[in-house]
Amino acid sequence: MGLISGIFMGMILGILLMAGWSHMMRQRSTKRIAKAVDIKLLGSLSRDDLKKICGDNFPEWISFPVFEQVKWLNKQLSKLWPYIADAGEMVIKESVEPLLEEYRPPGITSLKFSKLSLGRVAPKIEGIRVQSHKKGQIIMDIDFKWGGDPSIILGVEAAMVASIPIQLKDLQVFTVIRVIFQLTEEIPCISAVVVALLSDPKPRIDYTLKAVGGSLTALPGISDMIDDTVNTIVTDMLQWPHRIVVPIGGLPVDTSDLELKPQGKLSLTVVKANNLKNMEMIGKSDPYVVVHIRPLFKVKTKVIDNNLNPVWNQTFEMIAEDKETQSLIVEVFDQDIGQDKRLGIAKVPLIELEAETLKEFELRLLPSLDTLKVKDKKDRGTVTIKVDFLTSSSSNTIC
């Protein structure tokens with residue numbers, strides 16, 4: 001009897017244990033599913049959504065990385081850098097030297113590389129973000145940082161001055177590079193690559209200039225000239241929407257879909273200026289206006305002698321390639337013996353223009369568009385312009 005009751009009690013206890021274990025596992029599974037659902041919902045929320053939910057209790061350590069880490073790629077880049085640097089030096093010399101000559105500032109008769117070495121320190125890719133997959137294309141942004149040890153010397157010549165070697169030292173580059181791969185079914189599977197620098201965040205190129213065996217004072221203003229030339233090349237040739245299209249594989253490739261195309265045309269009238277700053281010791285400034293969307297394609301008004309309130313009423317036509325990102329730059333200069341002096345500068349983002357609508361702007365002139373460099377807060381006057389944006393569909397004359 002005792003044996004039978006013991007067996008019976010053991011069976012009951014075993015069944016109860018199994019039932020309890022099963023119930024506990026079901027509860028754990030239900031909780032895990034609920035937690036997974038919660039995590040998925042939280043993952044779809046933005047920082048602003050979480051702040052609304054958490055209020056003042058939102059932990060600041062929560063981050064939303066938009067770039068994927070690619071440590072493996074940096075290891076491979078370091079190994080391959082000597083070969084990449086050799087090829088890069090050749091490409092830079094062949095492509096950038098003509099640009100230096102093309103964008104060479106007034107007063108400089110020659111601007112070329114005397115020495116160019118990209119050094120032994122490889123750039124670092126902080127992260128990669130795939131923007132979109134279109135049919136036949138992959139678009140990605142690369143967070144790029146380079147604080148290398150290059151050896152770059154520019155040979156600078158000016159009228160009446162012997163050639164002065166100028167070294168670019170402590171070069172550092174911080175930018176986000178947009179890369180577009182055009183795909184093909186044939187090996188190497190990529191028919192062309194588009195490279196550009198994103199304007200947001202603004203590309204940062206830091207360096208110091210040092211004259212080798214001479215002094216920068218022998219060429220007054222040379223530092224500002226080189227800075228302006230570098231910024232102009234970056235803005236006009238490399239900064240999105242501008243881009244470099246490189247065919248891959250050595251075979252003829254149709255890259256027309258990758259090229260930048262005009263979106264419209266501006267009909268611009270430079271009307272007048274008021275209360276310009278006088279830069280002359282005797283008499284008054286002799287002002288004229290230079291306007292551009294891209295620095296390579298500038299238009300210029302006539303010079304009005306000895307007048308701080310000039311009237312031009314001159315009309316120009318300009319091509320707009322990307323209304324979302326481009327701006328109209330308006331500069332007023334004083335014509336002078338030697339180098340002309342800038343009286344002021346202003347900017348109109350093209351996004352502010354309405355299609356087929358004539359709009360008038362009275363722009364306050366600033367010493368620089370870089371607000372960090374603006375130290376002189378004195379009034380420099382205004383310039384008045386009229387702008388009409390004509391879209392590609394409404395104008396058959398865009399070329």
Side-chain angles (χ1 to χ4, degrees), residues 74 77-125 142 144-177 195-197 202-239 242-244 246 294-296 338-339 342 368 370 372-373:
N74 285 310
L77 185 59
S78 295
K79 292 177 183 177
L80 295 172
W81 179 244
Y83 309 102
I84 296 172
D86 286 343
E89 287 160 14
M90 226 163 36
V91 171
I92 290 171
K93 192 149 190 176
E94 289 176 0
S95 58
V96 174
E97 253 190 3
L99 292 175
L100 289 175
E101 195 63 25
E102 195 171 354
Y103 288 87
R104 179 169 44 82
I108 301 297
T109 57
S110 178
L111 191 59
K112 295 181 179 179
F113 289 112
S114 295
K115 183 179 180 182
L116 176 62
S117 170
L118 294 181
R120 294 171 294 176
V121 179
K124 185 177 180 183
I125 296 174
I142 300 173
F144 181 90
K145 177 182 176 182
W146 186 37
D149 59 341
S151 179
I152 302 173
I153 298 178
L154 291 171
V156 182
E157 295 181 9
M160 309 298 291
V161 179
S163 176
I164 296 180
I166 296 181
Q167 185 177 15
L168 273 71
K169 297 188 66 180
D170 307 321
L171 180 65
Q172 291 186 319
V173 180
F174 306 88
T175 188
V176 176
I177 303 174
V195 180
L197 309 183
K202 185 178 178 180
R204 206 176 109 208
I205 303 175
D206 298 334
Y207 53 85
T208 55
L209 296 175
K210 179 184 176 183
V212 180
S215 172
L216 289 177
T217 56
L219 289 173
I222 186 63
S223 296
D224 291 339
M225 286 182 186
I226 291 176
D227 288 346
D228 288 343
T229 303
V230 170
N231 289 332
T232 298
I233 290 174
V234 169
T235 303
D236 195 43
M237 298 297 297
L238 297 175
Q239 190 166 301
H242 310 300
R243 73 282 302 266
I244 294 175
V246 183
R294 294 183 62 180
L296 188 58
Q339 191 173 348
R342 189 164 72 185
S368 172
D370 188 346
L372 296 176
K373 291 183 178 179

With a 4.5 Å cut-off on side-chain heavy atoms, are [Y] and [X] touching?
X      : Y      : result
Asp206 : Leu171 : no
Phe113 : Leu154 : yes
Leu197 : Val176 : no

- The single option from Ile205, Thr175, Leu118 that satisfies side-chain contact (heavy atoms from CB on, under 4.5 Å) with Trp146 is Leu118

Kindly compute the distance separating [atom1] ([X]) from [atom2] ([Y]), expressed to the nearest 0.5 Å.
X      : Y      : atom1 : atom2 : answer
Thr208 : Asp170 : OG1   : CG    : 4.0 Å
Ile152 : Leu209 : CD1   : CG    : 11.0 Å
Lys124 : Ser78  : NZ    : OG    : 10.0 Å

Measure across [X] and [Y] and return the closest heavy-atom pair with its distance rounded to 0.1 Å.
X      : Y      : value
Asp149 : Gly119 : OD1-CA, 3.3 Å
Pro123 : Leu77  : O-CD2, 3.4 Å
Gly147 : Gln172 : CA-CG, 4.1 Å

- Item | Listed partners of Arg342 passing side chain to side chain donor-acceptor pair (under 3.5 Å), at least two apart | Glu331

